[in-house]
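In this chain, numbering begins with 1 at the start of the sequence shown.
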Amino acid sequence: MAKKSVPALTQAQDTTVDLLVIGSGTGLAAALTAHEQGLSTLVVEKTQYVGGSTARSGGAFWMPANPVLQEARTGDTRERGRTYVRSVVDGTAPVERGDAFVDNGAETVAMLSRTTPMKFFWAKGYSDYHPERPGGAAIGRTCECRPFDLSQLGDERGRLRPGLMEAGLPMPTTGADYKWMNLMARMPVKGFSTIFRRLAQGVAGLAVKREYVAGGQAIAAGLFAGVLRAGIPVWTETSLVRLVTDGDRVTGAVVSQNGREVTVTARRGVVLAAGGFDHDMQWRHKFQSESLADGESLGAEGNTGDAIKVAQEIGADVDLMDQAWWFPAVAPTREGKPPLVMLAERSLPGSFIVDQTGSRFINESCDYMSFGQAVLERERTGDPVESMWIVFDQKYRNSYVFAAGLFPRQPIPGSWFKAGIAHSGGTPEELASSMGVPVDAFAANFRRFNEDAAAGTDSEFDRGASAYDRYYGDPTVEPNPNLRPLDHGPYFAVKMTLSDLGTCGGLRADERARVLREDGSVIDGLYAIGNTAANAFGNRYPGAGATIGQGLVFGYIAARDAAKAAVPAS
């Protein structure tokens with residue numbers, strides 16, 4: 001797609017509003033809710049783009065018993081949702097936070113349906129990440145926005161943050177579509193019909209001056225369109241400097257645009273929705289791991305923890321600072337280049353992952369947050385994963401999309417081999433020698449994996465036992481869609497890195513999204529949502545889209561709470 005010009009900057013000036021929202025990702029849900037409640041609202045965004053990490057994401061949202069699921073007659077209930085969230089969180093976050101999320105999900109989706117042009121659908125079969133837990137759903141609770149026409153943004157089109165994976169063709173691909181597109185070589189009828197349908201939609205749209213997008217671009221654009229339709233002002237290239245207080249209450253903020261500071265007075269409160277500290281490497285190394293590499297987070301570049309730091313200056317407490325939405329990815333070919341996204345690769349048969357010892361160490365198909373936590377736990381126990389490689393054979397390469405850009409049968413780029421992130425060999429021993437891992441150990445693991453895969457079981461890590469594992473497997477492979485022996489040489493190994501979709505530790509907040517001090521008291525007039533707040537699910541990820549889901553829901557909760565707050569006497 002041609003790059004769109006960014007509209008002229010709206011000049012910041014001293015002003016008074018009811019609610020000030022810092023951040024333009026899921027913070028837009030707070031702005032929409034506030035406007036519907038009759039509050040004057042202002043959104044302030046640090047970067048030149050609207051959409052935050054939401055615009056760079058897969059765009060799914062996870063909310064039990066929401067209207068989309070009810071219309072699809074899934075049978076999901078709030079009681080089942082609460083049971084599942086409590087079971088998954090398992091005491092790592094306040095129960096009240098999880099209950100509030102579940103209890104307000106349906107109302108949040110209803111609000112979005114009223115205030116934006118978005119239409120939603122259920123990603124049927126996209127299992128919860130831990131479906132075996134009480135209340136879990138193997139059939140899934142994940143929803144998405146239907147392909148969205150960016151022309152609805154009008155002159156503001158250029159202000160929408162670009163996506164993480166920009167398509168070369170006008171083809172709005174949802175997460176549900178990707179599952180089948182990835183299997184185009186194995187299930188051509190389903191795969192190519194999905195491709196042709198989306199390509200036809202994209203091309204036909206352009207013919208009538210409609211630009212259809214999907215995923216994170218769709219939901220971010222839909223939120224932005226709702227904000228524009230409501231007339232809510234958005235100041236871009238405007239950074240949070242400090243919060244303004246009157247006694248113990250937050251009454252506004254000082255923000256900076258082009259080096260000029262202005263004061264925004266907020267009668268009802270301030271919502272901090274500015275993302276996490278994805279790109280503050282000093283904090284990443286302090287709270288998480290010194291092994292994390294600069295520039296390898298997939299979160300928006302403006303996420304440097306500003307809102308968390310500013311809130312701490314007035315006594316706010318933090319929690320779960322060691323947590324992130326960890327995301328294993330293909331290692332960069334050179335310093336300063338971002339990693340490449342891996343979506344289904346770890347789950348597909350004919351592949352496995354090893355560390356520097358040449359040994360498997362995990363169920364490759366587990367959810368990406370659990371994968372990252374397992375890697376970092378080894379570091380904490382003195383047995384670090386110094387390097388990790390996804391190993392596969394030629395049949396795997398012929399069958400599936402890799403790194404969201406290499407299509408079946410497309411050769412691995414020579415630049416990958418030159419950079420040392422890809423290796424090949426005619427035998428397992430040759431591959432191990434090229435990778436630089438112990439040859440005998442790797443060959444033994446290779447044989448053990450193949451023996452298990454031939455039997456359709458994983459005796460080491462139970463790969464394929466969970467419905468979540470199987471979602472991104474290959475249904476043409478039996479008896480286990482995640483397992484097949486690697487017996488079609490040559491063999492390949494591609495280096496992986498531990499990336500993330502953003503940090504999810506931050507300001508401690510209660511079930512009303514109000515920011516708390518260390519003693520548990522509430523900082524009146526201050527709210528935190530999304531990745532600025534400590535994860536409502538503790539150290540777990542309940543299902544695909546839970547990060548966007550909780551951002552939207554707690555944005556709704558925060559704005560409604562602010563609407564009920566008494567306005568301080570002037």
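The aromatic rings of Y126 and Y129 are tilted relative to each other, their planes meeting at an angle between 30° and 60°. Note on ring orientation: taking the six-membered ring where Trp is involved, the planes of Y541 and Y368 are perpendicular (angle over 60°, cut-offs 30° and 60°).
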Which side-chain N or O atoms in residues 501-509 pair as donor and acceptor under 3.5 Å with protein atoms at least two apart or in another chain?
residue: T503; atom: OG1; partner: F277; partner atom: N; Å: 2.9
residue: T503; atom: OG1; partner: D278; partner atom: OD1; Å: 3.4
residue: R508; atom: NE; partner: D317; partner atom: OD2; Å: 2.8
residue: R508; atom: NH2; partner: D317; partner atom: OD2; Å: 3.3
residue: R508; atom: NH2; partner: R517; partner atom: O; Å: 2.9
residue: R508; atom: NH2; partner: E518; partner atom: O; Å: 3.4

Side-chain donor-acceptor pairs of residues 542-556 under 3.5 Å, sequence neighbours excluded:
residue: T547; atom: OG1; partner: W325; partner atom: NE1; Å: 3.3
residue: Q550; atom: OE1; partner: A536; partner atom: N; Å: 3.1
residue: Q550; atom: NE2; partner: N535; partner atom: OD1; Å: 2.7

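The salt bridge (Lys or Arg N to Asp or Glu O under 4.0 Å) analysis of residues 526-546, with sequence neighbours excluded, yields no pairs. Applying the ring-ring contact (aromatic ring centres under 6.0 Å, His included) rule to pairs touching residues 213-236 yields nothing, sequence neighbours excluded. Counting only residues at least two apart or in different chains, salt bridge (Lys or Arg N to Asp or Glu O under 4.0 Å) contacts with residues 541-555 are absent. Identified under the salt bridge (Lys or Arg N to Asp or Glu O under 4.0 Å) test for residues 293-312, with sequence neighbours left out: K46-D306, R161-E301, D280-K309.
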Salt bridge (charged side-chain N to carboxylate O under 4.0 Å, His left out) evaluation trace for R114 with E36: CA-CA 9 Å; R114 290 191 302 269; E36 194 177 47; 2.7 Å; yes
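In this structure V310 satisfies the side chain to side chain contact (heavy atoms under 4.5 Å, CB included) test together with L240, L243, sequence neighbours excluded. Partners of D561 under the side-chain hydrogen bond (donor to acceptor under 3.5 Å, both in side chains) rule, at least two apart in sequence or in another chain, are R512, Y527. In this structure, the side-chain hydrogen bond (donor to acceptor under 3.5 Å, both in side chains) partners of W62, at least two apart in sequence or on a different chain, are D128. Partners of R380 by salt bridge (charged side-chain N to carboxylate O under 4.0 Å, His left out), not counting sequence neighbours, listed by chain and number: E377. Looking at residues two or more places apart in sequence or on another chain, you find no side-chain hydrogen bond (donor to acceptor under 3.5 Å, both in side chains) involving E237. Annotation: side-chain hydrogen bond (donor to acceptor under 3.5 Å, both in side chains) contacts of Q257 (sequence neighbours excluded): T238.
Listed for the S151 side chain is no donor-acceptor partner under 3.5 Å among the backbone atoms of R210. Side-chain atoms of T497 do not come within 3.5 Å of backbone N or O of S499 as any donor-acceptor pair. Of the possible polar contacts, none joining the E211 side chain to the G205 backbone as a donor-acceptor pair under 3.5 Å is found.
Within the model, atoms OG of S40 and NE2 of H35 stand 9.5 Å from one another, a figure rounded to the nearest 0.5 Å.
Residues Q323 and T92 are not in side-chain contact: their nearest non-hydrogen atoms beyond the backbone lie 4.5 Å or more apart.
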